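I have placed the structure first, in the form of structure tokens, so that the comments after it can refer back to it.
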Amino acid sequence: MNALTQDELKTLVGQAALAYVVPGEIVGVGTGSTVNKFIEALASMKDRIPGAVSSSVASTERLRALGIPVFDANEVGELAVYIDGADEIDGRGFMVKGGGAALTREKIVAAEARRFVCIADESKLVATLGAFPLPVEVIPMATQRVVRQFAALGGVARVRLKDGVPLVTDNGQHIVDVTGLSLTDPLAFESEVNQWPGVVTVGVFAHQKAQVCLLGTSGGVKTLKFD
Ligand SMILES: O=C[C@H](O)[C@H](O)[C@H](O)COP(=O)(O)O
């Protein structure tokens, strides 16, 4: 059998995630190219769920285009499950997220879910988080201050650009991407950076970690459980 492409692996885990959607319950939906595969698959279940809570404008548009109702998180409260991708995931279910700039809303929806199911191709599984540039959502007036704080930790932080100007998130903020950090204690790191003035959310998901990861491998979908 030929090795599957990354896109095929994403399709595989997007479809496998349907097994975790609870009929009759609203599902939390993340953001990104892997989640887009899940959203496509979810359309086949749309008559069996009331709808979704979405973590981005992009996912909301995709869900609605497929006829899946999208609810405001404030109207819904606790969710049975949240399905989302990751930029990196380690052997404990801790993740780096935000490559698509949706980290803050993702963390909010994840915090409402009893179970976080991460869907990812095998390239995302790492021994230690930190090789992927760590996204941090920051209030625009604080970006240079946050860049200096990361430099003091030995990291190199840059404001993410889009079309030559700072990218603006769904929340009207900017993203700082940080390289050069090895995140050996993700729980402590997440708590610390989230307290820096001007930081909206750091893209370390340790307090909102995954309970399950559906990993797309050339041998099929591997299920990793973390709790
Ligand atoms: O902001 C985006 C999210 O955190 C995504 O879940 C993450 O970047 C993974 O995206 P993809 O499935 O496109 O690799």
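The analysis underlying the following values was restricted to heavy atoms, covering all of them including side chains, and did not include hydrogens, waters or symmetry mates. Just follow the structure's listing: the first ligand is 1, and inside any ligand the first atom is 1. Because the structure is predicted, anything quoted here is derived from the model rather than measured.
- Side-chain contact between F205 and F116 is present, with at least one heavy-atom pair separated by less than 4.5 Å.
- Contact annotation: for A120 versus ligand 1, there are no heavy atoms closer than 4.0 Å.
- Distances below 4.0 Å separate heavy atoms of G99 from the following atoms of ligand 1: 1 (O), 2 (C), 8 (O).
- Between atom CZ of residue R105 and atom CG of residue N171 there is a gap of 4.5 Å, rounded to the nearest 0.5 Å.
- E137 and T104 share a donor-acceptor pair across their side chains, judged by distance under 3.5 Å alone.
- Using a 4.0 Å cut-off between heavy atoms, P135 makes no contact with ligand 1 at all.
- Near A86, meaning under 4.0 Å from any of its heavy atoms, are these atoms of ligand 1: 6 (O), 9 (C).
- Side-chain contact, T5 with D7: no donor N or O sits under 3.5 Å from an acceptor N or O.
- Expressed to the nearest 0.5 Å, how far NE2 of H174 lies from CG of L161 amounts to 9.5 Å.
- Ligand-side atoms of ligand 1 in range of K124: 11 (P), 14 (O), range being under 4.0 angstrom from any heavy atom.
- Close approach of ligand 1 to G32 (heavy-atom distance below 4.0 Å) involves ligand atoms 13 (O).
- Taking 4.5 Å as the limit, every side-chain heavy atom of E88 sits out of range of all side-chain heavy atoms of K124.
- Scanning the protein for heavy atoms near atom 5 (C) of ligand 1, the closest one is T31 O, 3.1 Å.
- Side-chain N/O atoms of S182 and T128 include no donor and acceptor closer than 3.5 Å.
- Residue A101 has at least one nitrogen or oxygen atom sitting less than 3.5 Å from a nitrogen or oxygen atom of ligand 1, judged on distance alone.
- Around atom 4 (O) of ligand 1, the closest heavy atom drawn from M95, E137, K107, E106 belongs to E106.
- Within the 4.0 Å heavy-atom criterion, both parts of T34, backbone and side chain, lie near ligand 1.
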Next item on the list: Begin with the C-alpha distance, continue with both residues' side-chain angles, and end with the deciding distance and a verdict on salt bridge (charged side-chain N to carboxylate O under 4.0 Å, His left out) for D177 and R160.
Entry: CA-CA 6 Å; D177 292 304; R160 191 183 300 181; 2.9 Å; yes

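- Placement of V146 and V96 within a single hydrophobic cluster is found when ILVMFWY residues are connected by side-chain heavy-atom separations under 4.5 Å, directly or transitively.
- Atom NE2 of H207 and atom CG of N194 lie 8.0 Å apart (nearest 0.5 Å).
- Residue contact check: D87 has heavy atoms under 4.0 Å from atoms 7 (C), 8 (O), 9 (C) of ligand 1.
- The nearest non-hydrogen atom to atom 1 (O) of ligand 1, considering only S33, G203, G100, comes from G100.
- Every atom of ligand 1 with a heavy atom of A102 under 4.0 Å away is listed here by number and element: 1 (O).
- Per-residue contacts place G85 under 4.0 angstrom from the following atoms of ligand 1 (heavy atoms of the residue considered): 6 (O).
- Residue G30 places no heavy atom under 4.0 Å from ligand 1.
- Checked by distance only, ligand 1 and V35 stay at 3.5 Å or farther apart across all their nitrogen or oxygen atoms.
- Where the criterion is an N or O separation shorter than 3.5 Å, residue side chain and backbone included, K10 fails it with respect to ligand 1.
- In terms of modelled atom types and a separation under 3.5 Å, the side chain of S54 and the main chain of T60 share a donor-acceptor contact.
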